[in-house]
Protein chains: 2
Amino acid sequence: MTAKSSARQDIHNSEIPVLCRSCEARHRGICGAMTPEQLLKLSKHTRRTLKDTDANLIVAESKATQVSNILRGVVKLTKIMPDGRQQIVGLQFAPDFLGTPFGEYNNVDAEAANNVQLCSFPKAILEEMIHESPELEHKLHQQALKQLDEAREMMLTLGRKTAAEKIASFLYMLAIHLDPEIDHETEQVEFELPLKRADIADYLGLTIETVSRQITKLRKDGVVQIENNRLFKIPDIERLKARGES
Amino acid sequence: MTAKSSARQDIHNSEIPVLCRSCEARHRGICGAMTPEQLLKLSKHTRRTLKDTDANLIVAESKATQVSNILRGVVKLTKIMPDGRQQIVGLQFAPDFLGTPFGEYNNVDAEAANNVQLCSFPKAILEEMIHESPELEHKLHQQALKQLDEAREMMLTLGRKTAAEKIASFLYMLAIHLDPEIDHETEQVEFELPLKRADIADYLGLTIETVSRQITKLRKDGVVQIENNRLFKIPDIERLKARGES
DNA sequence: CGAAGGGTTGATCTCTGTCAAGTCTAGTGG
DNA sequence: CCACTAGACTTGACAGAGATCAACCCTTCG
């Protein structure tokens with residue numbers, strides 16, 4: 001189906017560009033705040049791209065010209081010190097918005113934690129559309145507030161939790177985000193770890209050795225089961241949650 | 001001058017409510033995004049209050065009904081774990097906005113770090129006004145983004161810096177925020193510490209003993225001079241900055 | 001097969017937390 | 001006016017959580 005054919009019909013859903021139809025960003029992301037006309041306009045400037053693990057998506061201090069929706073995968077936002085010490089300051093999951101909506105320069109680096117699919121478009125288009133519909137700014141504002149919340153929760157974790165608690169609450173957070181069918185609390189939760197040990201260390205303010213040791217401890221205590229180093233099964237999610245205190 | 005008399009005139013500045021005239025929140029805070037009519041409307045619902053050190057301003061999990069501008073002083077935003085471990089997740093300086101603009105419940109505690117003056121009003125009024133003028137939401141959005149930035153900078157500090165670096169970058173941040181005349185880099189910077197040692201510890205993820213020792217070290221190294229435990233003089237701000245790495 | 005990347009495990013060290021005692025100041029009451 | 005107390009802060013001795021250093025395993029890939 002082409003843009004032309006969808007433009008011809010005026011029935012509710014069909015004005016929406018083909019590519020956007022089944023896109024998560026339209027349901028839970030910022031595109032939900034756009035009119036069909038805006039989506040159509042936007043879709044003329046979007047480009048879908050695939051990025052491999054550790055690919056650079058945004059470079060801090062660079063001029064911010066492109067913004068994106070994350071369609072698949074996990075993106076790490078990082079800060080780095082002159083001597084190389086690194087801290088992951090945010091993890092973003094599909095269908096989050098990725099970019100610096102206002103402000104000229106990016107203030108964090110962003111790279112793909114695993115394989116990532118993006119839907120990118122020029123920042124100028126976004127700003128134009130915000131001007132037209134305040135609802136879009138509201139959506140971005142909401143996401144900023146959510147991220148602020150997460151950042152503050154993370155500050156508690158970084159400042160006050162033990163290594164064991166950090167790992168447990170991190171895995172709990174991942175389980176909530178990544179297991180698609182986690183409504184029925186009773187059932188076993190399972191997910192594939194999108195980060196390598198070094199990333200987890202950079203996220204939790206630890207070393208890879210400490211991360212490894214604490215995960216081993218959780219495994220030996222039966223709180224998690226691990227296959228292939230990356231597939232995590234959690235028989236009792238509440239037990240994992242309890243290990244993270246808070 | 002009464003509201004009546006100010007309503008009569010239509011010359012530029014005089015429509016602005018008396019109380020707001022010299023208020024910082026109008027210049028650097030969110031009130032700058034309001035029309036004189038909005039200010040007038042808002043001023044009918046505002047209440048100025050003074051709060052002593054450690055007074056509770058916002059209780060987490062409580063329903064958010066009031067929001068405020070901070071007119072004077074410093075506010076700590078804190079998170080606390082069931083066992084009492086505490087982390088300050090944000091410091092807010094006049095004329096910052098304080099409150100949960102959307103979302104029904106507060107998700108942090110807020111208390112006065114020193115003596116604080118607030119200008120408070122019902123959240124409902126704010127929401128009404130946001131509805132009328134998108135510019136106001138933009139202002140709130142901007143502040144959220146700024147706080148997100150600060151939170152992420154703080155995550156790097158908490159996760160990766162040593163105690164010595166934490167203290168130095170904290171003092172540097174305070175100097176930037178609190179010394180009114182810090183344009184001429186060459187001159188001596190000086191400020192009164194708004195936090196007690198216990199607060200600094202809760203902010204930096206340390207203990208009061210470590211905080212004390214590191215401050216003593218900075219004093220012995222001549223990086224800072226201290227009078228009365230609270231008045232800090234910094235002969236060479238760049239030297240302090242360098243101690244915080246980053 | 002060899003090399004490289006990711007992960008684990010052990011031995012040791014060190015930074016920061018813990019425990020404890022002591023100083024200094026401001027405020028209170030006799 | 002001075003002793004007494006409480007809170008904020010400092011300092012010292014010691015201990016422990018997590019970092020560092022080093023060796024090793026496992027899988028993948030050319």
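To find a chain, count down the sequence lines: A is the first, B the second, and so on, and within it residues start at 1. Note that these values count all heavy atoms, side chains included, but never hydrogens, waters or copies made by symmetry. This structure is a prediction, so every number in the text was calculated from the model and none was measured.
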Does atom [atom1] ([X]) have a neighbourhood of more than 12 heavy atoms from anything else shown, all under 6.0 Å?
X       : atom1 : value
B:Arg47 : CZ    : no
B:Arg48 : CZ    : yes
B:Lys63 : NZ    : no

Legend entry - Outermost nucleotides of DNA chain D that come under 4.0 Å of a non-hydrogen atom of chain B: D:dA8 to D:dA13

Mind checking salt bridge (charged side-chain N to carboxylate O under 4.0 Å, His left out) for [X] and listing every partner two or more places apart, or none if nothing turns up?
X        : answer
B:Arg28  : B:Glu24
B:Lys139 : none
A:Asp221 : A:Lys217, A:Arg243

Interface polar pairs with nucleotides 21-26 of chain C, N/O, under 3.5 angstrom:
none

[atom1] of [X] versus [atom2] of [N]: gap in Å, rounded?
X        : N     : atom1 : atom2 : result
A:Ile208 : C:dG6 : CD1   : P     : 10 Å
A:Ile200 : C:dT8 : CD1   : C1'   : 14 Å
A:Asn229 : C:dG5 : CG    : P     : 17 Å
A:Leu195 : C:dG7 : CG    : P     : 10 Å
A:Arg197 : C:dG6 : CZ    : P     : 12 Å

Inset, instruction - Can you sort out the partners of B:Asp83 under side chain to side chain contact (heavy atoms under 4.5 Å, CB included), two or more places apart, ordered by chain and number? - result: A:Glu245, B:Met81, B:Arg85

Inset, instruction - With sequence neighbours left out, write down each residue that passes side chain to side chain contact (heavy atoms under 4.5 Å, CB included) with A:Asp109, or none if nothing qualifies. - result: A:Val59, A:Ala60, A:Thr78, A:Ile80

Inset, instruction - May I have the step-by-step check of side chain to side chain contact (heavy atoms under 4.5 Å, CB included) for A:Leu218 and A:Leu171, ending in yes or no? - result: CA-CA 11 Å; A:Leu218 283 179; A:Leu171 291 176; 3.8 Å; yes

Atom pairs and distances, side-chain donor-acceptor, residues 191-207 of chain A, under 3.5 Å, sequence neighbours left out:
from	atom 1	to	atom 2	distance (Å)
A:Lys196	NZ	A:Asp54	OD2	2.7
A:Arg197	NH2	A:Asn229	O	3.4
A:Asp199	OD1	A:Lys76	NZ	2.9
A:Asp202	OD1	B:Arg160	NH2	2.9
A:Thr207	OG1	A:Thr210	N	3.3
A:Thr207	OG1	A:Thr210	OG1	3.1

Legend entry - Residue pairs, two or more places apart or on separate chains, that pass ring-ring contact (aromatic ring centres under 6.0 Å, His included) and touch residues 63-93 of chain A: A:Phe93-A:His177

Taking only distance into account, with no hydrogens and no angle test, what donor-acceptor pairs under 3.5 Å do side-chain atoms of residues 115-123 of chain A form with protein atoms, sequence neighbours excluded?
from	atom 1	to	atom 2	distance (Å)
A:Asn115	OD1	A:Thr53	N	3.4
A:Ser120	OG	A:Ser68	OG	2.9
A:Lys123	NZ	A:Gly103	O	3.0

Legend entry - Footprint string (nucleotides 10-19 of chain C, 5' to 3'): B base within contact, S backbone only, - free, heavy atoms under 4.0 Å: BB----SSBB

Inset, instruction - Report the end-to-end axis angle of the helix from C:dC1-D:dG30 to C:dG30-D:dC1; each axis comes from five terminal pairs, and the value is rounded to 10°. - result: 20°

Inset, instruction - Indicate yes or no: at least one non-hydrogen side-chain atom of B:Val108 is less than 4.5 angstrom from one of B:Thr100. - result: no

